[in-house]
Amino acid sequence: MTVTGSLVQTLHRINRQKADINGQLQRGPKLVAASEAKLKAAKDHVLATKDKLTKAKMAAHAKQLQMSEREQKIRSWQGKMNAAKENREYQALKDQIAADTQANLVLSDEILDLLESIDALGVELKEVEADVKTKQSEFAQVQKQVTDRRMVLESELSRVQAELDKAEAELSGDVRRDYMKLVSSKGDDGMAELDGKCCGGCYQSLTPALLDRLIMNQSIACPSCGRLVYQNLHR
Ligand SMILES: [Zn+2]
């Protein structure tokens with residue numbers, strides 16, 4: 001028993017539509033996941049920035065404390081230096097004061113650097129927080145679009161499936177069994193349109209005898225790849 005090329009052509013078209021809809025259905029969750037991953041990255045960026053900011057503030061605070069403690073020490077040494085009776089004691093205190101004053105100058109530069117980076121981190125934090133808001137609304141939008149689209153696609157799929165069931169009902173016996181096997185392993189790629197004198201799936205040349213059958217609106221199984229081949233006679 002043979003099957004007409006027109007029927008295989010119809011089956012090929014419907015299987016392609018079905019594969020296309022299924023492909024779109026599978027892309028939906030991937031789009032949602034990608035958008036969610038972007039949102040998570042933005043949130044992580046906020047946390048990391050907040051952490052850097054906290055650490056910078058703590059470091060600045062510690063250095064400011066260290067500086068004021070040292071200033072107190074310098075003041076008390078200055079009192080002792082002014083009251084010093086011995087020259088050696090006076091010189092020792094003077095050296096101490098000079099060393100600690102120098103150390104505080106270095107510390108003061110470090111504090112300035114930290115305050116600058118705290119300002120910069122504050123600006124950055126505002127930016128990354130705004131980015132989270134953007135990513136959040138993008139995520140909600142993608143979720144809604146994908147959900148809406150899924151409803152449309154699912155109704156299209158059931159329409160196409162009904163059309164496919166109807167077309168497949170015209171197949172019987174061995175042909176039906178071979179077709180089902182092909183479609184379950186290759187999907188819409190189990191069928192191919194004749195391309196010149198070649199199978200449109202594997203591009204092997206077909207024998208004149210097979211080409212004769214195709215022109216009579218019969219379908220054939222490609223001897224090289226096994227696809228069901230048909231000729232589009234309406235072209
Ligand atoms: Zn082939």
Side-chain angles (χ1 to χ4, degrees), residues 1-41 135 138-235:
M1 189 207 150
T2 56
V3 59
T4 65
S6 318
L7 179 56
V8 175
Q9 185 176 353
T10 302
L11 289 167
H12 194 198
R13 175 181 58 76
I14 305 171
N15 271 294
R16 262 196 312 236
Q17 285 176 332
K18 187 180 162 181
D20 176 58
I21 294 167
N22 277 325
Q24 289 189 58
L25 278 168
Q26 280 159 12
R27 266 198 299 281
K30 285 181 191 158
L31 289 174
V32 172
S35 180
E36 197 174 15
K38 280 185 194 165
L39 174 59
K40 191 190 175 295
K135 296 284 190 293
E138 280 171 3
F139 177 51
Q141 216 177 331
V142 168
Q143 269 182 317
K144 188 186 177 316
Q145 276 169 354
V146 166
T147 306
D148 292 351
R149 184 86 187 119
R150 194 181 62 217
M151 293 204 295
V152 173
L153 288 169
E154 274 169 357
S155 93
E156 267 180 50
L157 186 62
S158 60
R159 180 184 59 75
V160 166
Q161 186 60 54
E163 207 188 332
L164 186 61
D165 291 344
K166 208 176 132 198
E168 285 174 346
E170 292 182 42
L171 299 167
S172 62
D174 287 355
V175 176
R176 182 179 176 83
R177 200 198 54 211
D178 292 348
Y179 161 85
M180 288 300 185
K181 222 159 87 182
L182 262 179
V183 167
S184 74
S185 68
K186 292 184 164 185
D188 62 321
D189 197 33
M191 288 149 281
E193 189 181 328
L194 180 70
D195 188 343
K197 289 181 178 178
C198 300
C199 160
C202 69
Y203 300 101
Q204 290 292 313
S205 298
L206 297 170
T207 63
L210 288 175
L211 291 170
D212 279 349
R213 285 176 58 191
L214 285 167
I215 208 143
M216 288 187 292
N217 195 22
Q218 289 181 8
S219 73
I220 56 130
C222 170
S224 311
C225 69
R227 285 183 179 87
L228 275 174
V229 181
Y230 59 91
Q231 183 168 10
N232 186 347
L233 296 168
H234 304 290
R235 223 167 236 184

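We count ligands from 1, going down the list as the structure has it; atoms in each ligand are counted the same way.
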Counting only protein N, O or S atoms and ignoring waters, those under 2.8 Å from the Zn ion (ligand 1) are Cys199 SG, Cys202 SG, Cys222 SG, Cys225 SG

Next on the checklist: Checking Gln26 against Asn22 for the side chain to side chain donor-acceptor pair (under 3.5 Å) test, could you report, in this order, the C-alpha distance in whole Å, the side-chain angles of both residues, the deciding distance, and whether it holds?
Outcome noted: CA-CA 6 Å; Gln26 280 159 12; Asn22 277 325; 5.6 Å; no

### Query
Run the side-chain contact (heavy atoms from CB on, under 4.5 Å) check on Asn217 and Gln231 step by step: do they pass?
CA-CA 7 Å; Asn217 195 22; Gln231 183 168 10; over 6 Å; no

In short, salt bridge (Lys or Arg N to Asp or Glu O under 4.0 Å) pairs touching residues 12-34 with sequence neighbours left out are Arg13-Glu163

So salt bridge (Lys or Arg N to Asp or Glu O under 4.0 Å) across residues 179-206, not counting sequence neighbours, yields Asp189-Arg227, Glu193-Arg235

*Given the rule in the side-chain contact (heavy atoms from CB on, under 4.5 Å) test, do Met191 and Leu182 qualify, once you have shown the distances and angles that lead to the verdict?*
CA-CA 8 Å; Met191 288 149 281; Leu182 262 179; 5.6 Å; no

Side chain to side chain donor-acceptor pair (under 3.5 Å) filter on Asn232, not counting sequence neighbours, yields Gln9

